[in-house]
Amino acid sequence: MNEDIETLFHGSSEVSKETFDRLIDKTKSVLLRSFSDDERAFNGRMPEDMKNLLREETFLPRKGIGTDATLDIFEKILLPNALKVFSPYYMAHLHGPPMLASVAAELLLSTTNQSMDSWDQSPMATEIEIHLVNQLCNLYKLPHASDGTFTSGGTQSNLMGVLIARDHYYAEYLNRDVRIEGLGSENGRLRMYASEVAHFSVQKSAALLGLGHRAVRSVPVDKRKKMNADILDQMISEDRAEGLLPFLVIATAGTTDFGSVDPLDRIRTICDKYGLWMHVDAAYGGGLILSEAYRDRISGIEKADSLTIDFHKIFFQSISCGAFLLADGGWFDLISEHADYLNRPEEEEEGYGHLVGKSLQTTRRFDALKVWFSFRSLGSDELARLIDGTIETAAAAYRFLADRPSFEVVIEPEISSVVFRYIGALANEEQVDLANIRIRRLLMHEKGIVIGQTKIGPRTYLKLTLLNPRTDIKVLSRVFTLIEKYGNSKEICA
Ligand SMILES: *Cc1c(COP(=O)(O)O)cnc(C)c1O
């Protein structure tokens with residue numbers, strides 16, 4: 001037995017098992033020490049301070065220092081300067097604390113290191129993902145023929161939606177197999193529609209896929225930040241009259257800033273009227289499917305041709321973990337490739353599922369395990385209770401802000417984000433912008449409170465994205481009081 005190797009890789013020997021045990025144990029202790037009473041989400045240091053800490057660091061020394069000493073450095077350098085996602089005072093983005101079940105599953109999946117491209121690299125893991133994807137399709141009430149895959153997140157899922165919608169359009173209406181022949185001369189006339197507050201990955205997908213930003217028509221939203229369906233209908237009809245080729249509407253179920261849900265049923269009707277694909281980006285709002293109280297806010301989701309779900313957002317999973325679901329699994333053929341070394345078609349006929357054909361990735365993590373592990377261990381009642389809690393906290397925050405004259409709050413939240421700004425007695429819009437930008441920085445660097453910032457038109461707003469069940473209205477009222485204090489100070493616009 002080669003002792004070196006036994007201490008470097010996990011395996012069946014006693015030496016290897018002891019090394020694994022000791023290393024995981026020590027790693028655990030380092031983390032436990034970082035779960036401190038300090039409630040701040042961030043220690044306030046500036047980017048230069050962090051760069052300075054790394055100045056002496058050589059990542060690839062000639063002779064390694066061993067895992068213990070490296071863990072010591074990690075504990076000294078990273079942990080104190082990390083964002084504490086579990087802190088109730090972190091509420092900036094669609095990025096929340098992972099539940100412990102997900103963290104445990106993460107250790108299981110990286111230790112077993114199954115790769116989801118071919119059955120021989122992940123036999124039972126492949127079967128679990130297939131089974132889970134089926135049940136997810138049922139959960140979202142997609143048709144019997146539906147199918148899906150796990151992805152790295154919403155960006156990848158949206159890219160897949162646009163890609164498959166485009167290639168389906170070419171195949172169905174332009175008699176062209178894009179996979180083989182590439183794009184046709186009609187390409188410059190293709191048009192897709194998303195609301196003006198849809199996620200930027202819609203534009204990015206259009207750019208990556210050779211459609212360009214000009215192919216994306218930005219549909220105005222109503223007062224509640226939902227896509228205006230009448231204008232959508234009109235835009236499609238006008239574009240067609242001009243000889244353009246509308247092929248896709250991306251509806252958002254839970255916009256990134258506002259959590260607003262587009263009118264899904266109406267959009268489906270419009271898509272049917274013109275023969276367009278309907279992709280629903282439910283990266284944020286998809287979680288509401290578990291909630292008896294709020295599920296109806298995303299009703300119509302079952303009518304999607306394709307669907308983006310993110311588990312690393314409101315489902316409390318560690319990064320990364322997303323899914324892409326298709327109403328008809330047969331459409332995956334539009335993007336499937338075969339490699340002799342990997343997914344031999346004759347084997348697939350014998351029942352060996354090779355998932356590489358449904359994914360943009362080849363080697364792929366077994367992220368499905370986290371969902372399976374968390375869902376199985378918590379159950380839908382408990383998950384729904386957590387999700388409902390964040391929605392109710394957002395509603396309470398909205399009421400709090402709406403009652404205070406020093407604040408402007410944009411819309412009543414449908415999910416768990418609240419967009420607002422401090423106005424106070426400031427003289428004009430420029431001062432309001434400046435004050436809000438400074439308030440966010442002060443909260444971050446002086447108080448370790450991390451909140452979000454965004455724009456509506458030219459104006460700057462603050463944003464709370466409430467994904468942490470520990471962030472309650474008591475925490476938030478403390479933050480709002482601080483914002484008022486900063487906003488009232490003379491220096492804020494100096
Ligand atoms: C977060 C988000 C995305 C992007 O998802 P990632 O997992 O960050 O890639 C896409 N759409 C919406 C609506 C989102 O909120």
Side-chain angles (χ1 to χ4, degrees), residues 83 85 91-98 102 140 148-163 165 192-209 216 218-219 221 224-227 248-264 267 278-289 297-298 300-301 304 306-325 359-361 364-365 367-368 370-371 387 390-391 394 411 413-419 452-455 463-467:
L83 173 76
V85 288
M91 50 188 97
H93 298 281
L94 279 164
H95 165 211
S102 185
Y140 285 98
T149 180
F150 272 73
T151 65
S152 60
T155 304
Q156 191 183 34
S157 299
N158 282 348
L159 178 68
M160 292 186 81
V162 179
L163 170 62
M192 51 195 265
Y193 304 78
S195 99
E196 57 183 321
V197 291
H199 193 259
F200 75 91
S201 57
V202 171
Q203 315 281 335
K204 185 170 175 169
S205 301
L208 288 170
L209 294 171
V216 184
S218 185
V219 185
V221 291
R224 301 193 61 202
K225 305 291 177 191
K226 296 163 172 287
M227 184 190 283
L248 161 69
V249 178
I250 296 177
T252 311
T255 57
T256 310
D257 275 347
F258 306 102
S260 50
V261 181
D262 289 340
L264 304 178
I267 293 172
M278 176 172 164
H279 178 77
V280 176
D281 177 358
Y284 184 8
L288 268 57
I289 201 76
R297 294 188 180 177
I298 56 164
I301 197 169
S306 54
L307 186 55
T308 290
I309 305 290
D310 251 356
F311 296 102
H312 56 218
K313 290 180 174 170
I314 211 172
F315 285 100
F316 314 104
Q317 299 302 299
S318 64
I319 302 164
S320 60
C321 196
F324 171 74
L325 306 179
S359 179
L360 299 185
Q361 294 168 250
R364 185 162 58 83
R365 289 162 55 84
D367 288 315
K370 294 186 286 197
V371 175
I387 292 169
T390 65
I391 295 174
I411 55 164
E414 276 180 274
I415 310 181
S416 60
S417 78
V418 186
V419 181
Q453 176 184 321
T454 191
K455 275 190 159 182
K463 173 168 101 161
L464 309 178
T465 313
L466 304 169
L467 291 189

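Quick note: residue numbers are just sequence positions, from 1. One-based numbering, in listed order, for ligands and for the atoms of each.
- Counting heavy atoms from C-beta outward, Ile314 and Ser416 have side chains that approach closer than 4.5 Å.
- Partners of Gln156 under the side-chain contact (heavy atoms from CB on, under 4.5 Å) rule, at least two apart in sequence or in another chain, are Thr151, Ser152, Leu360, Gln361.
- For atom 4 (C) of ligand 1, the closest heavy atom belonging to the protein is His199 CE1, 3.4 Å.
- Among Gly154, Ser152, Ser201, the residue whose heavy atom lies nearest to atom 5 (O) of ligand 1 is Gly154.
- Partners of Arg364 under the salt bridge (charged side-chain N to carboxylate O under 4.0 Å, His left out) rule, at least two apart in sequence or in another chain, are Glu129.
- Taking 4.0 Å as the cut-off, His312 counts as a neighbour of ligand 1 on heavy-atom distance.
- Among all protein heavy atoms, the one lying closest to atom 12 (C) of ligand 1 is Asp281 OD2, 3.3 Å.
- The Asp310 neighbourhood of ligand 1 comprises atoms 5 (O), 6 (P), 7 (O), with distances under 4.0 Å to a heavy atom of that residue.
- Within the structure, ligand 1 has Gly254 among the residues with a heavy atom less than 4.0 angstrom away.
- By the 4.0 Å N-to-carboxylate-O rule, Glu414 lies close enough to Lys226 to be salt-bridged with it.
- When Thr255, Ile250, Thr256 are checked for heavy-atom proximity to atom 15 (O) of ligand 1, Thr256 turns out nearest.
- Looking only at protein heavy atoms, the nearest one to atom 3 (C) of ligand 1 is Lys313 NZ, 3.2 Å.
- Ile301 is listed as a side-chain neighbour of Leu264, based on a closest heavy-atom distance under 4.5 Å.
- The shortest distance between side-chain heavy atoms of Ser318 and Lys370 falls below 4.5 Å.
- Residue Tyr284 places no N or O, backbone or side chain, under 3.5 Å from any N or O of ligand 1.
- Scanning all protein heavy atoms for the shortest distance to atom 9 (O) of ligand 1 gives Thr155 OG1, 2.6 Å.
- Only the side chain of Asn158 comes within 4.0 Å of ligand 1, judged by heavy-atom distances.
- Summarising the geometry, atom NE2 belonging to His279 is positioned 4.0 Å from atom CG belonging to Asn158; distances are rounded to the nearest 0.5 Å.
- Taking the six-membered ring for Trp, Phe150 and Phe311 have ring centres closer than 6.0 Å.
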